[in-house]
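Scroll down for the structure; my scribbles are underneath it.
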Amino acid sequence: MPDKPKILLVEDDHNFGSVLKSYLEMNDFSVDWVDDGKHALQTFHSGNYQLCVLDIMLPNIDGITIAKNIKELNPTIPFIFLTAKTLKEDILKGYQTGAFDYLTKPFDSEVLIYKIKAILQRNKTTNQLSEQDEDIFQLGKYTFEYRVRSLFYDDKNIKLSPKEAELLKLLCTHKNDILYRDLALKSIWGEDSYFTTRSMDVYITKLRKYLKNDPSIEILNVHGNGYRLLIP
């Protein structure tokens with residue numbers, strides 16, 4: 001069983017922090033909760049975190065200062081700001097610090113979960129693509145060559161359109177895992193809208209048709225999230 005993603009939560013409101021920690025843990029995250037800014041960096045040093053959730057208004061050291069220090073230690077780690085502030089300049093300051101997202105209290109906890117999953121998925125994809133320059137994928141009885149946009153099966157060569165090839169490569173880099181819909185839409189179409197969503201559904205149907213000669217391969221719909229390419 002894979003390790004749970006580890007999150008550093010920095011929140012000084014004890015009631016809210018306790019509830020949020022429990023909710024994140026219920027959703028399969030491992031959470032270390034700190035209630036004071038001065039302890040945040042020390043805790044970050046001692047743990048291997050995939051994401052930080054930082055309140056901005058904290059005792060001793062504010063969340064933005066913590067974020068700047070964390071970015072010096074690990075420039076690639078994503079973080080989300082939580083704040084009661086709604087001023088435009090505060091939101092801009094948060095993003096300028098390098099925040100992946102910004103939630104104003106009160107907020108829906110389910111929205112936070114969705115944002116965390118999307119950010120972690122995006123980071124995973126970036127890391128996978130930077131760690132490997134793999135353009136040839138073995139999909140059961142098929143061989144997918146991304147550079148020439150071709151699926152080979154026996155002596156047949158199925159030519160793919162540019163978007164079909166991009167979508168299949170994303171599915172391959174997430175094989176047996178969820179490819180989140182918004183990640184695919186923004187990566188390939190540049191936007192997440194009703195029309196691009198319908199367009200991607202059409203491409204998924206086409207890819208299923210191309211891969212139908214190997215019944216061990218499936219592209220499953222993951223309701224409300226995206227797709228999963230299952231390869232034995």
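Position 1 is the first residue of the sequence, and the numbers go up from there.
- Using a 4.5 Å heavy-atom cutoff, the side chains of Asp55 and Asp12 are in contact.
- Here the side chain of Arg149 pairs no donor or acceptor atom with the backbone of Ala165 at under 3.5 angstrom.
- A centroid separation of 6.0 Å or more is found between the aromatic rings of His39 and Trp33.
- Judged by distance alone, with hydrogens and angles left aside, the side-chain atoms of Asp214 form a donor-acceptor pair with the main-chain N or O of Lys141 at under 3.5 Å.
- Using a 4.0 Å cut-off between charged side-chain N and carboxylate O, Glu11 and Lys105 make a salt bridge.
- Atoms CG and OH, on Asn27 and Tyr114 in that order, are 14.5 Å from each other to the nearest 0.5 Å.
- Considering CD1 of Ile80 and CG of Leu103, their distance stands at 6.5 Å, rounded to 0.5 Å.
- For the pair Leu167/Met200, a side-chain contact is recorded, criterion being any heavy-atom separation below 4.5 Å from C-beta on.
- Using a 4.0 Å cut-off between charged side-chain N and carboxylate O, Arg147 and Asp135 make a salt bridge.
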Worked check of side chain to side chain donor-acceptor pair (under 3.5 Å) between Thr196 and Ser193:
CA-CA 5 Å; Thr196 55; Ser193 69; 3.2 Å; yes
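- Summarising the local packing, CG of Asn48 is surrounded by 12 or fewer heavy atoms from other residues, nucleotides or ligands at distances under 6.0 Å.
- Linking Ile, Leu, Val, Met, Phe, Trp and Tyr whenever their side-chain heavy atoms come within less than 4.5 Å leaves Tyr203 and Leu220 in two separate clusters.
- Here the closest non-hydrogen pair linking Ile231 and Gly140 is CG2-N, 4.1 Å.
- Tyr146 and Leu183 fall within the same hydrophobic cluster, where Ile, Leu, Val, Met, Phe, Trp and Tyr residues are linked whenever their side-chain heavy atoms come under 4.5 Å apart, directly or through other members.
- A distance of 9.5 Å separates NZ of Lys71 from SG of Cys52, quoted to the nearest 0.5 Å.
- Taking the ring axis of Phe29 as reference, the NZ or CZ atom of Lys4 does not stay both within 45° of it and closer than 6.0 Å to the ring centre.
- Centroid-to-centroid, the aromatic rings of Phe79 and Phe81 come within less than 6.0 Å.
- Ile204 and Ile178 fall within the same hydrophobic cluster, defined by Ile, Leu, Val, Met, Phe, Trp and Tyr side-chain heavy atoms under 4.5 Å apart, directly or through other members.
- Side-chain contact between Ile56 and Leu82 is absent, with no heavy-atom pair separated by less than 4.5 Å.
- For Tyr49 against Ile7, the heavy-atom pair with the smallest separation is CD2-C, 3.6 Å.
- The hydrophobic clustering, which links ILVMFWY residues whose side-chain heavy atoms are closer than 4.5 Å, places Leu229 and Phe152 apart.
- The main-chain N or O of Ser18 is never found under 3.5 Å from a side-chain atom of Tyr23 such that the two would form a donor-acceptor pair.
- Of the possible polar contacts, none joining the Asn221 side chain to the His223 backbone as a donor-acceptor pair under 3.5 Å is found.
- Judged by distance alone, the side chains of Thr143 and Gln138 do bring a donor and an acceptor atom under 3.5 Å apart.
- Side-chain contact between Ile119 and Leu51 is present, with at least one heavy-atom pair separated by less than 4.5 Å.
- Between Leu207 atom CG and Lys212 atom NZ the span is 13.5 Å, to the nearest 0.5 Å.
- Atom CG of Leu179 sits about 7.0 Å away from atom OG1 of Thr173, to the nearest 0.5 Å.
- Using a 4.5 Å heavy-atom cutoff, the side chains of Leu24 and Ile116 are in contact.
- The closest side-chain heavy-atom distance from Val53 to Val10 is not below 4.5 Å.
- Scanning both residues, Asp108 and Glu110, for their nearest heavy atoms gives OD1-N, 2.8 Å.
- Aromatic ring orientation, Phe107 versus Phe16: perpendicular (interplanar angle above 60°, classes split at 30° and 60°).
- Remark: the Tyr227 side chain and the Asp201 side chain contain an N/O donor-acceptor pair separated by less than 3.5 Å.
- By the 6.0 Å contact criterion, NZ on Lys6 is enclosed, its count of non-hydrogen atoms from other residues, nucleotides or ligands being greater than 12.
- A donor-acceptor contact closer than 3.5 angstrom is absent between the side chains of Asp32 and Thr43.
- Ile61 places a side-chain heavy atom less than 4.5 Å from the side chain of Thr65.
- Two residues are said to be in side-chain contact when any heavy atoms from C-beta on lie closer than 4.5 Å; Lys175 and Phe137 fail this criterion.
- Judged by the 6.0 Å distance and 45° axis criteria, Arg198 is positioned over the aromatic ring of Tyr194.
- Residues Ile66 and Ala40 share a closest heavy-atom pair of CD1-CB, 3.8 Å.
- Under a cut-off of 6.0 angstrom, the local environment of NZ in Lys159 is crowded, with over 12 non-hydrogen atoms contributed by other residues, nucleotides or ligands.
- Between Leu170 and Ser187, the shortest heavy-atom distance links the atoms CD1-CB, 4.1 Å.
- Between atom CG of residue Leu20 and atom OG of residue Ser109 there is a gap of 6.0 Å, rounded to the nearest 0.5 Å.
- When every heavy atom of Gly17 is checked against every heavy atom of Leu9, the shortest pair comes out as O-CD2, 3.9 Å.
- Residue Leu230 is not grouped with residue Tyr153 when hydrophobic side chains (ILVMFWY) are merged at heavy-atom distances under 4.5 angstrom, including chains of intermediate members.
- Distance alone, capped at 3.5 Å, places no donor-acceptor pair between the Asp154 side chain and the Lys156 backbone.
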